[in-house]
2 protein chains.
Amino acid sequence: MAGKNIEQEQPSREEIRLPMVLQALSDPVRLGIVLKLAGTGEIACGSFGLEMPKSSLSHHFKVLRNSGVVATQREGKEWVNSLRRDDLDALFPGVLDSIIAAAGSGRETTAQG
Amino acid sequence: MAGKNIEQEQPSREEIRLPMVLQALSDPVRLGIVLKLAGTGEIACGSFGLEMPKSSLSHHFKVLRNSGVVATQREGKEWVNSLRRDDLDALFPGVLDSIIAAAGSGRETTAQG
DNA sequence: TGGACGGTTCGACAATTCTCGAACTATGCC
DNA sequence: GGCATAGTTCGAGAATTGTCGAACCGTCCA
């Protein structure tokens with residue numbers, strides 16, 4: 001088969017709800033993922049230097065997907081993640097940008113000591 | 001005594017964390033409160049037409065206070081709530097505004113029937 | 001076809017959150 | 001002082017969330 005463009009279950013644009021988006025972004029781990037995603041563009045799940053079991057990381061990506069924040073596609077044997085900026089900007093203008101800017105400028109990203 | 005300017009426990013500006021703010025705003029009930037607060041300026045806790053026991057409402061206000069989103073002060077025998085716009089704008093420019101705008105334009109506010 | 005690799009899914013457990021009734025505290029008024 | 005009002009605090013129970021190990025599935029490569 002092709003082995004491309006196979007998507008995980010994700011909400012359509014109309015199904016995205018603001019509370020769910022905020023809920024997804026309210027976790028330091030996920031906020032860190034989104035921040036990194038915003039800087040890099042597309043990343044595979046394993047490419048985060050996070051000290052976590054696969055299953056925990058997968059859970060966080062699932063939350064991000066279900067809320068409509070990120071899209072995940074097969075690309076070879078990896079899953080590649082990207083921010084759904086178009087959808088989020090259309091629905092909630094400025095929300096994602098300002099949150100990324102705020103998280104990036106401070107040290108509010110990951111729960112550090 | 002005076003009976004004014006008595007505050008509830010609230011974080012100082014430096015103690016406010018973005019994830020906690022987003023967490024506070026990720027609940028439809030609280031998002032509705034913030035939205036109403038943004039439009040009216042100051043409101044007492046009981047002045048929301050929400051069908052909820054006092055204790056539940058009080059809980060939500062507590063979350064909003066602890067996260068640094070709202071400030072609460074005694075004013076006579078009422079507690080008056082107001083958004084901490086100055087603090088939030090200084091820490092996370094645009095975040096509160098865009099969220100309020102997004103919540104206000106759509107019907108994402110309260111879990112309606 | 002049989003690995004190795006990247007992630008997901010499942011089940012379990014602990015921790016947090018939401019909701020509610022009941023009791024309590026503080027204020028203002030008589 | 002005594003009472004009504006406004007809201008908090010204190011349990012308790014149900015639901016959701018975060019974390020983890022183990023098993024599973026799809027893709028690539030030899």
Side-chain angles (χ1 to χ4, degrees), chain A residues 1-10 17 19-34 37 42-67 69-82 110-111, chain B residues 1-10 17 19-34 37 42-67 69-82 110-111:
Chain A
M1 316 300 181
K4 250 261 197 176
N5 275 353
I6 303 169
E7 289 190 4
Q8 289 277 105
E9 227 181 296
Q10 289 152 22
R17 295 285 173 269
M20 288 199 65
V21 171
L22 299 178
Q23 156 83 4
L25 296 176
S26 70
D27 183 286
V29 174
R30 292 195 292 265
L31 199 49
I33 290 174
V34 168
L37 225 36
E42 293 189 338
I43 331 184
C45 299
S47 307
F48 297 84
L50 299 173
E51 295 180 5
M52 281 199 137
K54 301 164 149 207
S55 51
S56 298
L57 210 46
S58 186
H59 163 70
H60 286 301
F61 275 105
K62 190 176 190 177
V63 174
L64 288 169
R65 266 197 308 272
N66 289 343
S67 64
V69 175
V70 316
T72 307
Q73 289 184 333
R74 268 281 192 194
E75 193 123 341
K77 68 177 163 182
E78 295 180 333
W79 293 96
V80 176
N81 302 284
S82 56
T110 55
Chain B
M1 316 298 175
K4 250 261 200 179
N5 274 353
I6 304 169
E7 289 191 5
Q8 288 279 103
E9 228 181 295
Q10 288 152 21
R17 295 286 174 267
M20 287 199 66
V21 171
L22 298 178
Q23 158 82 7
L25 297 175
S26 70
D27 183 287
V29 174
R30 292 195 292 265
L31 198 49
I33 290 174
V34 168
L37 226 37
E42 292 189 338
I43 333 184
C45 299
S47 306
F48 296 85
L50 299 172
E51 295 180 6
M52 280 199 137
K54 301 165 149 206
S55 50
S56 299
L57 211 46
S58 186
H59 162 71
H60 286 300
F61 275 106
K62 190 175 190 177
V63 173
L64 287 170
R65 267 198 307 272
N66 289 343
S67 64
V69 175
V70 317
T72 307
Q73 289 185 333
R74 266 283 191 196
E75 193 124 339
K77 69 176 160 180
E78 295 180 332
W79 293 96
V80 176
N81 302 284
S82 56
T110 54

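Reminder, nothing fancy here: chain letters follow the sequence lines and each chain counts from 1.
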Check the distance between dT17(D)'s P and Leu22(A)'s CG and give it to me in whole angstrom.
-> 14 Å
Euclidean distance, atom NZ of residue Lys54(A) to atom P of dC5(C) [Å, nearest integer] = 10 Å
Please name all residues satisfying side-chain hydrogen bond (donor to acceptor under 3.5 Å, both in side chains) with His60(B), sequence neighbours left out, ordered by chain then number.
-> Arg30(B)
Between protein and nucleotides 12-19 of chain C, map the contacts as a letter string: B base, S sugar-phosphate only, - none, heavy atoms under 4.0 Å, written 5' to 3'.
-> -----SSB
For Met52(B), does its backbone N or O pair with a side-chain atom of Ser56(B) as donor and acceptor, under 3.5 Å?
-> no
Here the distance between atom P of dT8(D) and atom CD of Glu78(B), to the nearest Å, is 12 Å
side-chain contact (heavy atoms from CB on, under 4.5 Å) involving Ser55(B) - partner list, sequence neighbours excluded = Pro53(B)
When rounded to whole Å, the CG to C1' distance for the pair Asn66(B) and dT8(D) reads 13 Å
Among all residues two or more places apart in sequence or in another chain, which pass the side-chain contact (heavy atoms from CB on, under 4.5 Å) test with Glu78(A)?
-> Ala44(A)
What is the distance from CZ of Arg74(B) to C1' of dT5(D), rounded to the nearest Å?
-> 10 Å
Can you sort out the partners of Lys62(B) under side-chain contact (heavy atoms from CB on, under 4.5 Å), two or more places apart, ordered by chain and number?
-> Arg65(B), Asn66(B)
d(CG, Leu57(A); C1', dG7(C)) in whole Å | 9 Å
What is the distance, rounded to the nearest whole Å, between atom NZ of Lys77(B) and atom P of dC24(C)?
-> 21 Å
Starting from P on dC10(D), measure out to NZ on Lys62(B) and report it in whole angstrom.
-> 7 Å
Arg65(B) side chain near dT8(D) phosphate (N/O to OP1/OP2, under 4.0 Å) = yes
Taking only residues two or more places apart in sequence or in another chain, which ones pass side-chain contact (heavy atoms from CB on, under 4.5 Å) with Ser58(A)?
-> none
